[in-house]
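Working notes, structure below.
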Amino acid sequence: MSLWHGTAKSPAGLVYFVFDESDQQLISARFDPRDIEGPARKSSPIHEAFAQYNDGALDAFDGVDVPDAKSAFNVNVYTAMRQIPPGSVQTYGELAARSGYSRAARAVGTACGRNEIVIVIPCHRVVASNGVGGYGYGVDTKVKLLVHEGAEGY
DNA sequence: CGTGCTGTACTGA
DNA sequence: TCAGTACAGCACG
């Protein structure tokens, strides 16, 4: 493990992220500085990806690798989640079905809430069937990201 | 409409 | 085990 961290602006505020140079994976990305590890860096491909995303290249994180989730359920859910195109949203129930667990909407909500890599794993694109749903850093944060991506109705 | 109950799948203690 | 979830659907009033 060879960790370093950095910060980057996003449409919803400053993001603090940790990167593992050994296996080229983004370990975490959060809207608060909790669990920061390693020395700071000012520039990197991750910094660049955020800059491009802010500029409107909404698919800038497609090439960013992340660690495998701890359980098969989470792997399936996060994989399906990253396939939601920018600018569109999916309900917790739809995402559950696409992940292979047709009635696990609530469990998907739990998995989203535990997501450690905001924006790159786009939990903000998962909404409730009757509204925007919740978000770990506040619904306003979620809405800012959706507006930036051009999702309709937010 | 809104509120509340219940089914459901997964997690962490 | 068991309680706790960033849900969904339906029954009531």
Side-chain angles (χ1 to χ4, degrees), chain A residues 1 3 5-20 23 25-38 46-47 49-54 56-154:
Chain A
M1 295 257 285
L3 300 179
H5 77 271
T7 61
K9 278 186 280 196
S10 86
L14 198 58
V15 173
Y16 301 76
F17 59 87
V18 176
F19 190 81
D20 185 343
D23 45 18
Q25 290 180 328
L26 186 61
I27 302 300
S28 69
R30 319 170 51 89
F31 286 108
D32 62 60
R34 198 142 49 91
D35 299 330
I36 288 301
E37 298 185 68
I46 305 298
H47 290 86
F50 271 100
Q52 291 176 5
Y53 175 81
N54 295 340
L58 303 178
D59 59 353
F61 298 107
D62 283 1
V64 175
D65 200 15
V66 301
D68 289 331
K70 297 179 180 62
S71 70
F73 178 79
N74 282 288
V75 170
N76 291 330
V77 169
Y78 290 153
T79 300
M81 202 181 301
R82 290 195 71 175
Q83 291 166 358
I84 304 174
S88 66
V89 297
Q90 218 161 77
T91 68
Y92 293 96
E94 285 168 352
L95 183 61
R98 283 210 315 117
S99 311
Y101 309 84
S102 55
R103 273 152 283 170
R106 196 161 192 171
V108 166
T110 302
C112 291
R114 300 197 163 293
N115 176 26
E116 291 284 308
I117 313 177
V118 296
I119 306 183
V120 178
I121 294 178
C123 40
H124 58 282
R125 293 180 197 145
V126 189
V127 300
S129 64
N130 62 341
V132 62
Y135 195 70
Y137 297 95
V139 175
D140 54 335
T141 299
K142 185 176 190 172
V143 170
K144 281 178 193 166
L145 293 173
L146 291 174
V147 168
H148 174 69
E149 296 183 355
E152 298 197 21
Y154 300 95

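So that the names make sense, note that chain A is the first sequence line, chain B the second, and so on, each numbered from 1. Basis for what follows: all heavy atoms, side chains included, without hydrogens, waters or symmetry-related copies.
- Minimum heavy-atom separation, A:Ala69 to A:Tyr78: CB-CD1, 3.8 Å.
- A:Met81 and A:Pro122 make their closest contact through O-CG, 3.4 Å (heavy atoms, listed as atom of the first residue, atom of the second, distance).
- In this structure, a donor-acceptor pair under 3.5 Å is absent between the side chains of A:Gln90 and A:Arg125.
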Contact string for nucleotides 6-13 of chain C, one letter per nucleotide 5' to 3', B = base within protein heavy-atom range under 4.0 Å, S = sugar-phosphate only, - = neither, reads BBS-----

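- Think of the region where chain A sits on DNA chain B: with heavy atoms and a 4.0 Å cut, that region ends 5' and 3' at B:dG7 to B:dG12.
- A tilted orientation is assigned to the rings of A:Phe61 and A:Tyr53, their planes being inclined by 30° to 60°.
- Checking side-chain atoms of A:Asp65 against main-chain N and O of A:Leu26 turns up no donor-acceptor pair under 3.5 Å.
- Contact annotation: the side chain of A:Val143 never approaches that of A:Tyr135 to less than 4.5 Å [non-hydrogen atoms, C-beta and beyond].
- Judged by distance alone, the side chain of A:Asn74 and the main-chain N or O of A:Ala111 form no donor-acceptor pair under 3.5 Å.
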I'd like to know whether A:Thr7 forms a side-chain contact (heavy atoms from CB on, under 4.5 Å) with A:Val15, so could you lay out the CA-CA distance, the side-chain angles of the two residues, the decisive distance to 0.1 Å, and finally the verdict. CA-CA 5 Å; A:Thr7 61; A:Val15 173; over 6 Å; no

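- Residues A:Val127 and A:Tyr154 have side chains in contact (heavy-atom distance under 4.5 Å, counting atoms from C-beta outward).
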Applying the Watson-Crick and G-U criteria (both distances under 3.5 angstrom) with [ ] for crossing and | for other-strand pairs, one obtains for DNA chain C |||||.|||||||

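- Side-chain contact annotation: A:Asn76 with A:Thr79, donor-acceptor N/O pair under 3.5 Å absent.
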